[in-house]
Amino acid sequence: MSAPISPATLHRVPALDAVRVIGALAVVGHHAGFATGLNTGGGPWSGWFARMDAGVAVFFVLSGFLLYRPWAHAQASGEPRPGTGRYLWRRAMRVLPAYWVTVAVCLLVLPRNDDAAPADWIRHVTLTQIYGPDHLRHGLSQTWSLATEVAFYALLPLLAALLVSGGKRAGRPWAIIAGGSLITGTWVVLIGAGVLSGSLHTMWLPAYGLWFGSGMALSAVHVALRHGHRPRWRFLDEIGAAPLTCWVGALAVYAIATTPIAGPRDLAEPTATEFGLKLLLYSVLAILIMVPLAFGPHTKVKEIFGSRAARWLGTVSYGLFLWHPFVLEELYAVTGRPEFTGPLLSTYLITVGGGLTLATLSYYLIEKPAQRLSHRWPRPPRARITESQSSTAEPSAVS
């Protein structure tokens, strides 16, 4: 039987805060590797850095896990579900203010954006830049995944309402997994058939149903187990008790993904098969990273990942996601360094350092005040429990 868990633990999974840091640092590594030419240079480490975009999968799976938890908890406990209006308001206040400042700075400051037109401003401000070809501006290329995440945020209340309908308290993890896999599988088939574009439609939400669905399914199981439901899924607690085994497995999956089986390492379009395999491998990788931190008993590993320092880094990781391409662009502009050249290590460290500096400013000057404002949404007294749950569901820093 699963170990007893305190009520507070039902609402928070502190060790997962640091997962954002892992994802953010991986994404910075991917972009630094691309900027310095390592990803496409054919060296022994090129595949390892090229596939650091797996950090995106970590963010998407984490988003599915955290954001679905309030609905999963309401279903398992019989308590009221989160209010849609309040949920959307809090998502908007968490994501948009800092994002809008980043967009304004990148479009106004970066020399390669001097030709930005009003349409570019409109598309980026409204997060619609992924719905047409070649609309991502310099310093903002990473925002394709934020646009995809925001689409998921908008649809989640509807999806959750369908999944928690009825009186079944144990959740529907198999339905979530099957639905996410079907959506992604169908999308990949349509890309392979030429109905959809391999360059454009690989950025749209349906391509990542498997990733978000994996996180939602894990969330449904996690909450159900903590409420005494779904005993057949206790094997996840057993697996979670062996973090080293999980992470060695994640490294093995990652090693497979570094091969050509997951597609080209540059900006060339992958085949539908390569894209589908990449999605599957990254999904397994993200799950293996998260399970030891979400499931199983309290361990020293969880204590480290849930420490104050790790959680602070997780808090500012959204800003690191937003600002690191700006730092990378400015580094090359100020030094006059040609594209696809330069030392990887110093480039990576400067990008992380500069990104964290701007991320810290962003958090304390923009994000934190906006979060305080988000709490002003009117709510009935009975909704307090769902607020305490959703307070942990910060947006993932995505690439």
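Since the model is a prediction, treat every value here as computed from it, not as a measurement.
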First locate atom [atom1] of [X], then atom [atom2] of [Y], and finally report the distance between them rounded to the nearest 0.5 Å.
X	Y	atom1	atom2	result
Ile130	His135	CD1	NE2	12.0 Å
Leu146	Leu322	CG	CG	7.0 Å
Leu107	Asp114	CG	CG	10.5 Å
Gln129	Leu140	CD	CG	7.5 Å
Leu356	Leu361	CG	CG	11.0 Å
His30	Gln142	NE2	CD	11.0 Å

Applying side-chain contact (heavy atoms from CB on, under 4.5 Å) to Leu236 and Leu218, what does each step give before you reach the verdict?
CA-CA 9 Å; Leu236 287 175; Leu218 286 176; 4.2 Å; yes
Side chains of [X] and [Y]: closer than 4.5 Å at any heavy-atom pair?
X	Y	answer
Ser141	Glu329	no
Arg20	Arg311	no
Met93	Gln371	no
Leu293	Val13	no
Glu330	Val327	no
Tyr282	Val56	no
Arg51	Leu281	no
Trp121	Leu108	yes

Give me the one residue out of His31, Arg265, Lys278 that meets side-chain hydrogen bond (donor to acceptor under 3.5 Å, both in side chains) with Asp53.
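The passing option is Lys278.
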Please check if [X] and [Y] belong to a single hydrophobic cluster, counting links between Ile, Leu, Val, Met, Phe, Trp and Tyr side chain heavy atoms closer than 4.5 Å.
X	Y	result
Val21	Tyr364	yes
Trp45	Leu251	yes
Val164	Leu156	yes
Val284	Leu277	yes
Leu88	Tyr99	yes

Please tell me whether [X] and [Y] have a donor and an acceptor in their side chains that are separated by less than 3.5 angstrom.
X	Y	result
Ser283	Ser214	yes
Thr271	Thr273	no
Arg69	His222	yes

Passes side-chain contact (heavy atoms from CB on, under 4.5 Å), Thr202 versus Phe275? Steps please.
CA-CA 8 Å; Thr202 50; Phe275 180 61; 3.7 Å; yes
Please give me the minimum heavy-atom distance between [X] and [Y], naming the atom from each residue.
X	Y	answer
Phe49	Gly29	CD2-O, 3.6 Å
Pro173	Val221	CB-CG2, 3.6 Å
Ala224	Arg230	CB-CG, 3.6 Å

For the side chain of [X] and the backbone of [Y], is there at least one donor-acceptor N/O pair under 3.5 Å apart?
X	Y	answer
Thr184	Leu210	yes
Lys302	Leu16	no
Ser165	Leu162	yes

Determine whether the aromatic ring centres of [X] and [Y] lie less than 6.0 Å apart.
X	Y	result
Tyr254	Trp48	yes
Trp211	Phe152	no
Tyr131	Trp204	yes
Trp233	Phe235	yes
Tyr208	Trp144	yes

Go through it in stages, so that I can follow the logic: the residues are Tyr363 and Leu320, the test is side-chain contact (heavy atoms from CB on, under 4.5 Å), and I'd like the CA-CA distance, side-chain angles, deciding distance and then a yes or no.
CA-CA 10 Å; Tyr363 178 73; Leu320 178 59; over 6 Å; no
For the pair [X] and [Y], find out whether any cationic side-chain nitrogen is under 4.0 Å from an anionic carboxylate oxygen.
X	Y	result
Arg112	Glu339	yes
Asp237	Arg226	yes
Arg137	Asp115	yes

Derivation of the side-chain contact (heavy atoms from CB on, under 4.5 Å) call for Tyr318 and Val95:
CA-CA 9 Å; Tyr318 178 52; Val95 171; 3.2 Å; yes
For His227 and His73, what are the C-alpha separation, side-chain angles and deciding distance, and is it a ring pair (Phe, Tyr, Trp, His ring centres under 6.0 Å)?
CA-CA 9 Å; His227 283 88; His73 175 80; 5.0 Å; yes
